[in-house]
Amino acid sequence: VLSIRGVQDEDPPDPQIMRLDNMLLAEGVSGPEKGGGSAAAAAAAAAAGGSPGSDGSIEHSDYRAKLAQIRQIYHSELEKYEQACSEFTNHVMNLLREQSRTRPISPKEIERMVAIIHRKFSSIQMQLKQSTCEAVMILRSRFLDARRKRRNFNKQATEVLNEYFYSHLSNPYPSEEAKEELAKKCAITVSQVSNWFGNKRIRYKKNIGKFQEEANLYAVKTAVDAASVSAQASQANSPATPNSGTVFPYLKPQRAINNML
DNA sequence: AAATATGATTAGTA
DNA sequence: TACTAATCATATTT
């Protein structure tokens, strides 16, 4: 019955279990009861990177439900293990007590037994924690990874961004303030603005031809506004090449040279 | 359904 | 640290 002989505990690393605990806590799995699940909500909001505007809470409800499910399973399993552990300990103690009638059993031996049992069960617990962590990670990547929830910006947001881009084509690097203003105008975050410009720059550069039409369109758009200022524009500029000359107009010189190679 | 567009993420750089 | 380039994963177009 007591086949607990081969207990070669493969190292139960403390840092490992600490890591798992921390993560479970951070995800709101092992935290306080469902008092709004503020921890989980915060984690969700943080992971979502903050996408204001249209969507926001509908998809999170799904996530939260699943997280609550995981949480419940985790807790019930944990409780089950704890109960089983104490039950088993009791059982072993009883057996030892019985045996003590026929042979002397030192308290040290009992202590050792209990320690072994506890170690065994805590390693099982760790497995539970690990698999729970895994489940949470999968859930997160499934629901919260922003890439999976990509939404195009609305028409007027891209309008605003493009307008800025093409009217600053020679140096499409908005300052921090400019970014903030654009973000406000487009109802997106500053980092989204940065992303957009990063993508736009590289993609424009990569295939300028593809963007000619767009460039013309916005050039005309802004030209209307600028018309009042530049009243002496009477030279015959060829409409096919609104941005004649430089291939990488906005690159800083040294970088442009590097990129030629 | 395949091709293309697009926002976000990542590694690497100066 | 802000940027580029490559890449991912989804959205949209064809």
Suppose we call a contact any N or O donor and acceptor under 3.5 Å apart; does that hold for the side chain of A/Arg203 and the base of C/dT7? yes
What about A/Asn152, does its side chain sit under 3.5 Å from the base of B/dA5 through a donor-acceptor pair? no
Return whichever of A/Glu176 or A/Asn199 has its heavy-atom-nearest nucleotide of DNA chain C closer to the 5' end. A/Glu176
From [atom1] of [X] over to [atom2] of [N], roughly how many Å is that when rounded to an integer?
X        : N      : atom1 : atom2 : result
A/Lys155 : C/dT13 : NZ    : C1'   : 12 Å
A/Tyr204 : B/dA5  : OH    : P     : 16 Å
A/Trp196 : B/dT9  : CH2   : P     : 18 Å
A/Phe197 : C/dT4  : CZ    : P     : 12 Å
A/Lys200 : B/dA5  : NZ    : P     : 11 Å
A/Phe153 : B/dG7  : CZ    : P     : 5 Å
A/Asn154 : B/dT6  : CG    : P     : 14 Å
A/Ile202 : B/dT9  : CD1   : C1'   : 15 Å

Is the shortest side-chain N/O distance from [X] to OP1 or OP2 of [N] below 4.0 Å?
X        : N     : answer
A/Gln192 : B/dG7 : no
A/Lys179 : C/dA2 : no
A/Tyr173 : C/dT1 : no

Under the criterion salt bridge (charged side-chain N to carboxylate O under 4.0 Å, His left out), I'd like the reasoning laid out for A/Glu214 against A/Lys200: C-alpha separation, chi angles, the key distance, then a yes or no. CA-CA 12 Å; A/Glu214 193 176 67; A/Lys200 191 70 182 182; 2.6 Å; yes
Where the side chain of [X] is defined as all heavy atoms beyond and including C-beta, which of [options] is the nearest nucleotide?
X        : options              : answer
A/Arg201 : B/dG7, C/dC3, C/dA5  : C/dC3
A/Asn195 : B/dA5, B/dT9, C/dT4  : B/dT9
A/Arg151 : C/dC3, C/dA11, B/dA8 : C/dA11

Centroid separation A/Phe197 to A/Tyr164 less than 6.0 Å: yes
Do A/Tyr166 and A/Phe211 have ring centroids that are under 6.0 Å from one another? no
Is any NZ, NE, NH1 or NH2 atom of the basic residue among A/Lys80 and A/Glu77 found under 4.0 Å from an Asp or Glu carboxylate oxygen of the other? yes
Could you measure the distance from the CD atom of A/Glu159 to the CG atom of A/Leu217? Nearest 0.5 Å is fine. 8.0 Å
